There are 2 protein chains.
Amino acid sequence: MANKRKNKDFNPNNCGVTHFLNKIGGKWKVLIIYAISLNCNRFSLLKKGIPTISKQTLVNLLKELEEDHIIARTVFPEIPPRVEYKITPYGLSLLPLIKTIEQWGRDDMAAVIKK
Amino acid sequence: MANKRKNKDFNPNNCGVTHFLNKIGGKWKVLIIYAISLNCNRFSLLKKGIPTISKQTLVNLLKELEEDHIIARTVFPEIPPRVEYKITPYGLSLLPLIKTIEQWGRDDMAAVIKK
């Protein structure tokens, strides 16, 4: 895992956009955070909510988001054990941005339909 | 190219975030648009500004952004021909969002330094 992320902090120009993309760029992380914020807070719910992601990718990305303190994972000692994800206070700083992304996407879809 | 992007419009839940990510998600597009907005408007300037991107990837992504009418490519009939990229009026709708991304990245880098 560490090896896969060796360029995670590569940002020679100290660019804010690069920093953001290094952290949660890529195809899925923004969507995973967004889904958790909508209470898709368990692995099975996330997998259902994002059907095109593979299980392994979802496992890896959840781990990375946890390592980066954007989400937190709680294991409830039940039988069978229940695992829940939630956005950390630090992760919450991303939500206004993700809401802006969501709004742009919605506006753009509406514009496409109008055409 | 078309084949590589066959899932581009796959958005079963009509989700704004998915729509955005289908369009300019991934590792580089936001950064390319941001760089062009800062007047890195030629291929060689973009390659210099984003040194970790491969030439072929940059070629492909510029084509995709052009296909999606986010950027426009102008060939000036000089010898040797000069090619310039610019953000289209439609692409400009992304800039406030990209500025928010840039600001988040900058704030987050500053917070990391403070720690």
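On a predicted model such as this, the values are computed, not experimentally measured, just so you know. Just so we're on the same page: letters track the sequence lines, and every chain starts at 1.
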Checklist entry - Should B:I32 and B:L45 be counted in the same cluster of Ile, Leu, Val, Met, Phe, Trp and Tyr side chains packed under 4.5 Å apart? => result no
Checklist outcome for this item: Looking only at A:G49, A:C15, A:P51, A:G25, the option with the highest number of non-hydrogen pairs under 4.5 Å against chain B is A:C15
Item to check | Distance in Å, A:T18 OG1 paired with B:Y34 OH, rounded so as to fall on 0.5 Å steps | outcome: 8.5 Å
Checklist entry - Would B:V75 and B:I71 show up in the same hydrophobic cluster when neighbours are defined by side-chain heavy atoms closer than 4.5 Å? => result yes
Next on the checklist: Sub-4.5 Å heavy-atom contacts with chain A: which residues of residues 100-110 of chain B show up?
Outcome noted: B:T100, B:I101, B:E102, B:W104, B:G105, B:R106, B:D108, B:M109
Item to check | Max heavy-atom pair count under 4.5 Å with chain B, selected residue of A:S93, A:P96, A:A111 | outcome: A:S93
Checklist entry - Top residue by heavy-atom pair count (under 4.5 Å) with chain B, among A:N14, A:I98, A:L94? => result A:L94
